[in-house]
Amino acid sequence: MEPQSQMEEETVAEFYLEEFMKHLERLVNMDSGSSDIEGLNRAADYLCSCYQEIGLVPVRTALKPSGRPYIEVRTHPEQEEADVLFLGHIDTVFERGTAALRPFSVSEDGKRAYGPGAGDMKAGDLLAFYLTRALREARPDLRICVCYNSDEEIGSEESAPVMQKTASQCRYGFVFEPGRIGGHFVSQRKGAVDVAVRCSGIASHAGNAPQEGASAILEMADLIQKLCALNDFRSGMTVNAGVIRGGSASNVVAADCEAVFDVRYTSSDQLQDFENYLEDLAARPAVDRVQVTWEKRSQMPPMNPNQNTQAMIDLLQGEANKMGLHPQFLHVGGASDGSLLAEMGTAVMDGCGPESDKYHSAEEYLRVESIEERFHLLLSVISQLH
C-alpha cells in the first residue's frame, strides 16, 4: 500500500458530535433484531435517507428468502471496482420491544452511551456514513463502496454471496464492528464452524434388557472426550461441545444423541485435520451397534492478513501516534463479516467502529469520546490510500 503522494498535509475535517449523537439516538431507538424484518427495514430506511441527503444513491436489495434489506452505496457508481469498502451490519441480537424497555441514554458525565446496538454496531454504521461524507471532499477521486447487511448476527448466510462479490472488486476493507476499549483494532480472526454430530443407537429397557441396547449417549461421551482433546491454545485450534441432546428417560438405553461443537481454527489445514479425525472416529464407533454421522453448519472462514495488511497497520500506527493514541492490532477468536472479505483477497482492518464493550448484553455501552477519535484517525489514514 502506498500513501497518496500529493497529500503531505494532514487531513483536517470538522466533526459534528452533537449531530452524530442525534442520529445515533434515533437509530438505536429502532428495534432491528435479526429476525425483525419490519424493524430492519425501518433502520435501512433511515441509513438510506442519510446518504440521499448528501447526494448519493443507495442501491437496496431484499434478500431471499427472508426479504431482509441489503444496502450498497458508491461514491463512483459508474465504476464496478472500488478502492475502499466500508462494511457494517444493521441487525442486533435484541428482540423487538427492547428499545422501548431501555432506550438510548447517555451517562451524566457524557462519557458513555447506552442502548441496544449502540456499540454493536449502530455507531459504526453511522461512522461509515460520516467518513464517506468527509472523504468525498478530501479525496473526491477515491472510489468508496459502503455495504450494510442485516443478518450478520445470525451468520450472514443470505448476504455473504453478494458481499463477497463486491469485496472481490475492492482493495481495502474497513469493518465497523466495535473498536476494543483502549483504542485497539482487530487484524486477524479465527475461522468458526458449528459441527453437528449425531449418534444413533438401539433403545432398550435399562433394567430388564440393558444388553440388548446400544447407547447413543455413551458413544457421544466418548466422542466429546476425544474431540475436545484436540484443544491447542498455542496453535489456536479449539473445540467446544456447547449443546447436547439425547435420550428419553433414565430407564431407557438411549437410541439417539446429538451434540453441536463450536470449532475455531486459524487455517484450512487445521479444519481439514479436524474433519479427517472426526470422519475416522465416525467410521469406528467405540460402542458396538451405534452409528455416527456429522455435518457442518454456519461456517465462517478465518480472517488472515494478506500482503497489504501490514502496510495498513503501519499507516494506522503512524497516524495514531501523531494523535497520541497507541492502538494494538489484535488476533481474536470471534467471527465477523471481515472474514468473508479476507477470503476474497481484500486487505481487511476490523474493529474500526467507536470503542464499545459489553455488547450483546443489557450493559452494552459506547465510549463517546472515541467516536471523534476514530473519525479523525480513519479519515487521515484512508485519505492517504492509493
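In this chain, residues are counted from 1 in sequence order. Everything numeric here is computed off the predicted structure, so don't read it as measured data.
The two residues S150 and P69 make their nearest non-hydrogen contact at OG-O, 2.7 Å. The two residues A214 and D288 come nearest to each other via the heavy atoms CB-O, 3.5 Å.
For the 3.5 Å distance criterion, the side chains of E81 and Q169 fail to qualify, holding no donor opposite an acceptor. Checking S156 against E152 by side-chain atom types alone, no donor-acceptor pair falls below 3.5 Å. Looking only at atom types and distance, the side chain of S380 has a donor-acceptor partner in the side chain of E319 under 3.5 Å away. Using a 3.5 Å distance cut-off with no hydrogens or angles, the side chains of K190 and S339 do not pair a donor with an acceptor. No side-chain donor-acceptor contact under 3.5 Å links E157 and S298. Judged by distance alone, the side chains of S267 and D269 never bring a donor and an acceptor atom under 3.5 Å apart. R102 and Y114 are not linked by any side-chain donor-acceptor pair at a separation below 3.5 angstrom, with hydrogens and angles left out of the test. Checked by atom type, the side-chain pair H89/D120 shows a donor-acceptor distance below 3.5 Å. Residues T92 and E153 have side chains that never bring a donor and an acceptor to within less than 3.5 angstrom of each other. Residues S336 and R189 have side chains that bring a donor and an acceptor to within less than 3.5 angstrom of each other. S159 and D151 are linked by a side-chain donor-acceptor pair at a separation below 3.5 angstrom, with hydrogens and angles left out of the test.
Other members of the hydrophobic cluster containing V197, listed by chain and number, are V193, V195, M220, L223, I224, L227, L230, M237, V239, I244, F261, V263, Y265, L271, F274, Y277, L278, L281, V292, W294; membership follows side-chain contacts under 4.5 Å among ILVMFWY residues, whether direct or relayed.
Heavy-atom neighbours of E137 CD from other residues, nucleotides or ligands within 6.0 Å: at or below the threshold of 12. Counting heavy atoms of neighbouring residues, nucleotides and ligands inside a 6.0 Å radius, atom CZ of R289 exceeds 12 of them. Crowding of E19 atom CD: a count of heavy atoms from other residues, nucleotides or ligands under 6.0 Å exceeding 12. Annotation for Q52: atom CD counts as buried by contact number, over 12 foreign heavy atoms lying within 6.0 Å. Annotation for E78: atom CD counts as buried by contact number, over 12 foreign heavy atoms lying within 6.0 Å.
A distance-only check finds a donor-acceptor pair linking the side chain of D31 to the backbone of G97 [under 3.5 Å]. Looking at Q270, its side chain does come within 3.5 Å of a backbone N or O of T266 through a donor-acceptor pair. At distances below 3.5 Å, at least one donor-acceptor pair connects side-chain atoms of S383 with backbone N or O atoms of L379. Checked by atom type and distance alone, the side chain of T238 never pairs as donor or acceptor with a backbone atom of N231 at under 3.5 Å. Q291 contributes no side-chain N or O that, together with a main-chain N or O of S200, makes up a donor-acceptor pair within less than 3.5 Å. For D36 (side chain) and G39 (main-chain N/O), a donor-acceptor pair under 3.5 Å exists by modelled atom type. Checking side-chain atoms of K122 against main-chain N and O of L27 turns up a donor-acceptor pair under 3.5 Å. Looking only at distances, no side-chain donor or acceptor of D280 sits under 3.5 Å from a matching main-chain atom of N276. Checking side-chain atoms of E219 against main-chain N and O of V287 turns up a donor-acceptor pair under 3.5 Å. Looking only at distances, a side-chain donor or acceptor of H184 sits under 3.5 Å from a matching main-chain atom of Q328.
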Query raised in the report: Yes or no on side-chain hydrogen bond (donor to acceptor under 3.5 Å, both in side chains) for S66 and E158, after CA distance, side-chain angles and deciding distance?
Result: CA-CA 8 Å; S66 68; E158 290 181 353; 2.6 Å; yes
**Report entry** Verdict with reasoning, L47 to V73, per side chain to side chain contact (heavy atoms under 4.5 Å, CB included)
**Finding:** CA-CA 10 Å; L47 285 171; V73 190; over 6 Å; no
Report task. Please test R198 against D256 for salt bridge (Lys or Arg N to Asp or Glu O under 4.0 Å), starting from the C-alpha separation and ending with a verdict. Result -> CA-CA 7 Å; R198 183 177 180 86; D256 295 289; 3.2 Å; yes
**Report entry** Audit row: E364, S356, side-chain hydrogen bond (donor to acceptor under 3.5 Å, both in side chains) steps and yes/no
**Finding:** CA-CA 7 Å; E364 176 180 11; S356 177; 4.5 Å; no
Report task. Go through H360 and F94 one step at a time and tell me if the ring pair (Phe, Tyr, Trp, His ring centres under 6.0 Å) criterion holds. Result -> CA-CA 8 Å; H360 291 199; F94 302 104; 7.3 Å; no
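Once rounded to the nearest 0.5 Å, the distance linking NZ of K111 with CD of E108 reads 13.0 Å. Of the inter-residue distances, the one linking C257 atom SG with I217 atom CD1 reads 5.0 Å to the nearest 0.5 angstrom. Here the straight-line distance linking atom CZ of R68 with atom CD of E38 works out to 14.0 Å at 0.5 Å rounding. In this structure, CE in M312 is found 8.0 Å from OH in Y172, a value given to the nearest 0.5 Å. With values rounded to the nearest 0.5 angstrom, T346 atom OG1 is found 11.5 Å from F174 atom CZ. Rounded to the nearest 0.5 angstrom, F185 CZ and E177 CD are separated by 13.5 Å.
Between L40 and S32, some side-chain heavy-atom pair lies under the 4.5 Å cut-off. Considering only heavy atoms from C-beta on, D262 stays 4.5 Å or farther from V260 through its side chain. Side chains of L330 and R180 form a contact here, defined as non-hydrogen atoms less than 4.5 Å apart. C147 has its side chain within reach of Y70: a pair of non-hydrogen atoms, C-beta onward, lies under 4.5 Å apart. Using a 4.5 Å heavy-atom threshold, the side chains of P210 and H205 count as separate. Side-chain contact between N304 and P302: present, with at least one pair of heavy atoms (C-beta onward) separated by less than 4.5 Å. In this structure, M121 and D125 have side chains that are in contact, with non-hydrogen atoms separated by less than 4.5 Å. Y46 is listed as a side-chain neighbour of H23, based on a closest heavy-atom distance under 4.5 Å.
Y359 and L126 sit in two unconnected hydrophobic clusters of ILVMFWY residues. Membership requires side-chain heavy atoms under 4.5 Å apart, directly or through other members. There is no path of hydrophobic side-chain contacts, each under 4.5 Å, that joins I144 to V59.
By the 4.0 Å N-to-carboxylate-O rule, R60 lies close enough to D45 to be salt-bridged with it. The existence of a salt bridge linking R367 and E355 is confirmed by a sub-4.0 Å separation between a basic side-chain nitrogen and an acidic carboxylate oxygen. Between E295 and R297, at least one side-chain nitrogen of the basic residue sits less than 4.0 Å from a carboxylate oxygen of the acidic one, meeting the salt-bridge criterion. Between D83 and R143 there is a salt bridge, since at least one side-chain N of the basic residue sits less than 4.0 Å from a carboxylate O of the acidic one. A salt bridge links R139 to D141: one of the charged nitrogens lies within less than 4.0 Å of a carboxylate oxygen.
Judged by the 6.0 Å and 45° rule, R374 forms no cation-pi pair with F176.
V175 pairs in a side chain to side chain contact (heavy atoms under 4.5 Å, CB included) with only one of the listed residues (L85, V186, L341), which is L341.
For Y130 and F375, the ring centers are positioned 6.0 Å apart or more. Taking the six-membered ring for Trp, F129 and Y51 have ring centres closer than 6.0 Å. In this structure, F15 has its ring center closer than 6.0 angstrom to the ring center of F20.
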